[in-house]
Amino acid sequence: MAKKSVTFSFDDGVKQDAPLVELFNKYGIKCTFNLNTGLANEKCRWVYKGVDVIHMNKEDMLGLYVGHEVAIHTLTHPYLEKLDEDKIYEQVYGDKCNLEDWYQQEVVGMAYPYGTYDDRVLKILKRCGIKYARTIQNTPDFTPQEDLLQLKASCCFTNPNLDAIIDRFIESESDEKQVLYIWGHSYQLGVDMSWETFENVCKKLTSVKGLIFETNKDALLKN
Ligand SMILES: [Zn+2]
């Protein structure tokens, strides 16, 4: 049977990423963190269902994601399809350059802010050397997708069917590599799902024999 890979993707680069990285490291789970380097400042903050969501300063972000993948979420999280082409390029390529400079790793992945894009955005991503970009659409299919620049996830971790989706993945067989792709925001933990429940998801997945845990890049681009 071909490989079965589990990958996680978390967006925005906020303070709750720190305990999340700790949790993932405890279980040997790999994640991709999609970061807005133009918002790397504690002054960039908002409130989500009564909880403070605070972006990290660059210094706090630098050492945090060791062993995981960092990927583009644009400089300042705009609706890309509302910008002119120069601005789209600046938002994507500027974030890529910052991340490559800060983390000394090649950056080839992205998650669309708000999940939205148009044909101009796709063209610019190709120009920037982006190899995959995640939307916020779901697919029930775990096998390789045709268009990685319009990548669909398995689900957000807050999906009420998360358990059933995981069970279906564990049981499914294929001759092709299969990927379970779960995404979200760390600030939803403790709000939309308890940290304890999420840890139980990690525990369950890592107790299944034969699953591998990879960053988005490795899950999607490696055989
Ligand atoms: Zn976002």
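Residues take their numbers from the sequence shown, with the count starting at 1. Computed from heavy atoms alone, side chains included, the values below leave out hydrogens, waters and symmetry copies. We count ligands from 1, going down the list as the structure has it; atoms in each ligand are counted the same way.
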* Do the rings of Phe33 and Phe10 sit parallel, tilted or perpendicular, given the 30° and 60° boundaries? -> tilted
* To do: Give a yes or no on whether His185 keeps an N, O or S atom under 2.8 Å from the Zn ion (ligand 1).
  => no
* To do: For the residue pair Tyr187 and Ile54, establish whether any side-chain heavy-atom pair is separated by less than 4.5 Å.
  => no
* To do: Identify, by name, the N, O or S atom of His73 lying closest to the Zn ion (ligand 1).
  => NE2
* To do: Determine whether Val108 and Phe8 fall in the same hydrophobic cluster, where Ile, Leu, Val, Met, Phe, Trp and Tyr are linked whenever their side-chain heavy atoms lie under 4.5 Å apart.
  => no
* Carefully, step by step, assess Ser9 and Tyr181 under the rule side-chain contact (heavy atoms from CB on, under 4.5 Å). => CA-CA 8 Å; Ser9 176; Tyr181 188 121; 3.2 Å; yes
* Using 2.8 Å as a strict upper limit, say whether an N, O or S atom of Asp11 approaches the Zn ion (ligand 1) that closely. => no
* Restricting to N/O/S, name the atom of Asp12 that gets closest to the Zn ion (ligand 1). => OD1
